[in-house]
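One structure coming up, written as structure tokens, with questions to follow.
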Amino acid sequence: MRASLNRPQAVPIAGQYPQPITVQQPGQGELGNFRDPFVWKEGEIWYQLVGAGLENRGGTALVYTSRDMYTWEYQGPLYISNYEKYPELGVMWELPVLLPLGEKHIFLILPWGPGSSIDVFYWIGRWDASSCRFVPDHEEPRLIDLGDNHFTGPSGLVTPDGRSVLFSIAQGHRSAEDEYRSGWAHNGGLPLELSLRPDQRLGISPLRELKSLRTAKLLSLENLGLRAANNKLQAFSGDMLEILLEFAPQTAQNLGLWLRQTPDRSEETLLHYSVETGEFTIDRTRTSLDPKALCKGVQGGAADLAGENPRLHIFLDKSMLEVYLNNLYSLTSRLYPTRPDAERLALWADGEVLIRKLKIWRLRSAY
């Protein structure tokens with residue numbers, strides 16, 4: 001019992017307000033599920049979203065308004081989805097984010113609770129500041145990332161020049177033993193710029209300032225066949241790379257890029273796009289020789305490129321892999337090869353294909 005008497009006491013932070021400024025009251029969602037405030041200002045009004053759930057109805061985000069950031073008035077739920085129709089949205093929503101996309105907005109959430117999918121979903125629609133409600137253009141929630149539970153923890157902001165930027169937590173998906181031995185777990189995802197395309201689809205692209213991480217340009221080629229491009233690619237390898245790659249399929253129905261490949265191919269990971277089905281996937285069947293590795297199997301989903309050539313923007317940073325397809329689809333994954341020589345790259349296709357563009361830079365640390 002003596003040890004409990006000697007625990008460190010909480011020390012107030014300088015300038016800390018002496019009491020909570022937003023307290024959930026009866027009638028404001030299901031009591032106890034109330035977290036992750038997201039705050040912004042429009043004109044003279046501050047708005048706050050708080051992740052919550054509605055009993056027997058599913059998740060929501062509650063809206064509060066204030067003129068001084070100390071006194072907050074409850075305005076009701078921002079948006080309520082159909083939980084019976086979309087059980088993957090869970091019984092409660094965490095980390096609500098609302099960002100402008102021109103005249104429209106994007107609303108993002110992370111589901112929580114039994115049966116929920118640990119993925120970030122979004123809707124595009126209209127935000128009505130006067131009623132504090134969001135009206136989506138589409139009922140069905142959409143995935144922001146095809147990486148199967150790796151892209152989580154959304155947060156966002158609007159830059160001084162008006163760009164809507166999204167941050168994330170990239171889940172590690174390793175065993176507790178591996179995390180303990182390495183001394184860290186998970187990672188921060190790359191900041192992304194979100195936009196609304198002319199076809200009203202969501203545009204996703206890496207923050208333009210990430211170009212500052214480029215160091216040596218290792219390769220730059222255009223309009224070569226697969227074999228000629230691979231001959232040039234053999235001279236380069238690495239595990240901290242930025243890659244721009246555009247395919248022009250001819251007879252090929254399947255094409256892609258091998259990453260983190262050993263010379264004997266005992267470890268390798270394939271980024272794959274199917275021209276026929278439109279599936280965009282990552283095959284981690286042979287990513288790691290570690291029999292206990294959790295990051296294996298195939299991840300991905302459907303990708304509608306509307307007739308465009310497949311264009312990949314890839315960031316490889318040790319175990320982190322973040323890929324953007326035609327600035328329409330994001331795929332975040334983790335790779336844990338066991339061998340230090342798992343650094344080779346190789347293009348792949350099952351038929352004729354033209355490599356319209358291939359550029360590779362070595363990256364420096366952001367720190």
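The basis for the numbers below is simple: all heavy atoms, side chains too, and nothing from hydrogens, waters or symmetry mates.
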Inset, instruction - Could you tell me which residues satisfy ring-ring contact (aromatic ring centres under 6.0 Å, His included) with Phe38, sequence neighbours excluded, listed by chain and number? - result: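 Here the qualifying residues are Trp40.
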Legend entry - Arg174 versus Ser319, side-chain donor and acceptor atoms under 3.5 Å: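 Result is no, nothing qualifies.
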Inset, instruction - Decide yes or no for Thr65 and Cys132: does some side-chain heavy atom of the first lie under 4.5 Å from some side-chain heavy atom of the second? - result: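 Answer yes - side chains close enough.
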Legend entry - Any residue meeting salt bridge (charged side-chain N to carboxylate O under 4.0 Å, His left out) with Asp341, in chain and number order, not counting sequence neighbours: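 Checked Asp341 against salt bridge (charged side-chain N to carboxylate O under 4.0 Å, His left out); matches are Arg339.
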Inset, instruction - Run the numbers on Thr332 and Glu322 for side-chain hydrogen bond (donor to acceptor under 3.5 Å, both in side chains), then give the verdict. - result: CA-CA 5 Å; Thr332 301; Glu322 293 164 278; 4.8 Å; no
Inset, instruction - Could you verify whether a donor N or O on one side chain and an acceptor N or O on the other, from Ser288 and Asp290, lie under 3.5 Å apart? - result: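 No, no side-chain donor-acceptor pair sits under 3.5 Å.
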Inset, instruction - Evaluate side chain to side chain contact (heavy atoms under 4.5 Å, CB included) for Leu328 paired with Arg201, printing each intermediate quantity in order. - result: CA-CA 8 Å; Leu328 275 169; Arg201 292 202 287 174; 3.2 Å; yes
Legend entry - Note, Val97 side chain near Val120 side chain (heavy atom, < 4.5 Å):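 Val97 vs Val120: side chains apart.
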Inset, instruction - Would you check if the distance from the ring center of Phe280 to the ring center of Tyr329 is below 6.0 Å? - result: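 So the answer is no for these two rings.
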Legend entry - Ring geometry between His150 and His173 (parallel below 30°, tilted from 30 to 60°, perpendicular above 60°):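 His173 vs His150 ring planes: perpendicular.
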Inset, instruction - State, yes or no, whether a side-chain contact exists between Lys217 and Arg214 at a heavy-atom distance under 4.5 Å. - result: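 Result no, sub-4.5 Å side-chain heavy-atom pair not found.
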Inset, instruction - Measure the shortest side-chain to side-chain distance between Leu358 and Leu233 over non-hydrogen atoms and say whether it is less than 4.5 angstrom. - result: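 Of all side-chain heavy-atom pairs linking Leu233 with Leu358, at least one is under 4.5 Å.
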Inset, instruction - Give every residue pair that meets the side-chain hydrogen bond (donor to acceptor under 3.5 Å, both in side chains) criterion with at least one member in residues 24-34, sequence neighbours excluded. - result: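 As it turns out, the side-chain hydrogen bond (donor to acceptor under 3.5 Å, both in side chains) pairs with a partner in residues 24-34, which skip direct neighbours, are Gln28-Tyr64.
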Inset, instruction - Determine whether the aromatic ring centres of Phe134 and Trp123 lie less than 6.0 Å apart. - result: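 Judged by ring-centre distance (under 6.0 Å), Phe134 and Trp123 do not meet the cut-off.
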Inset, instruction - For Thr338 and Glu267, test the side chains for any donor-to-acceptor distance below 3.5 angstrom and give the result as yes or no. - result: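 On atom types as modelled, these side chains qualify, holding a pair under 3.5 Å.
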Legend entry - Side chains of Arg133 and Leu78 in contact at under 4.5 Å (non-hydrogen atoms):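 Arg133 does not reach Leu78 side chain to side chain.
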Legend entry - Min side-chain heavy-atom separation Ile124-Leu101 under 4.5 Å: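 Yes - at least one pair of side-chain heavy atoms lies under 4.5 Å apart.
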Inset, instruction - Could you tell me whether Tyr47 and Trp127 have their ring centroids closer than 6.0 angstrom? - result: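 So the answer is yes for these two rings.
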Legend entry - Side-chain heavy atoms of Trp361 within contact of Leu244, under 4.5 Å: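 Yes; the side chains approach each other to less than 4.5 Å.
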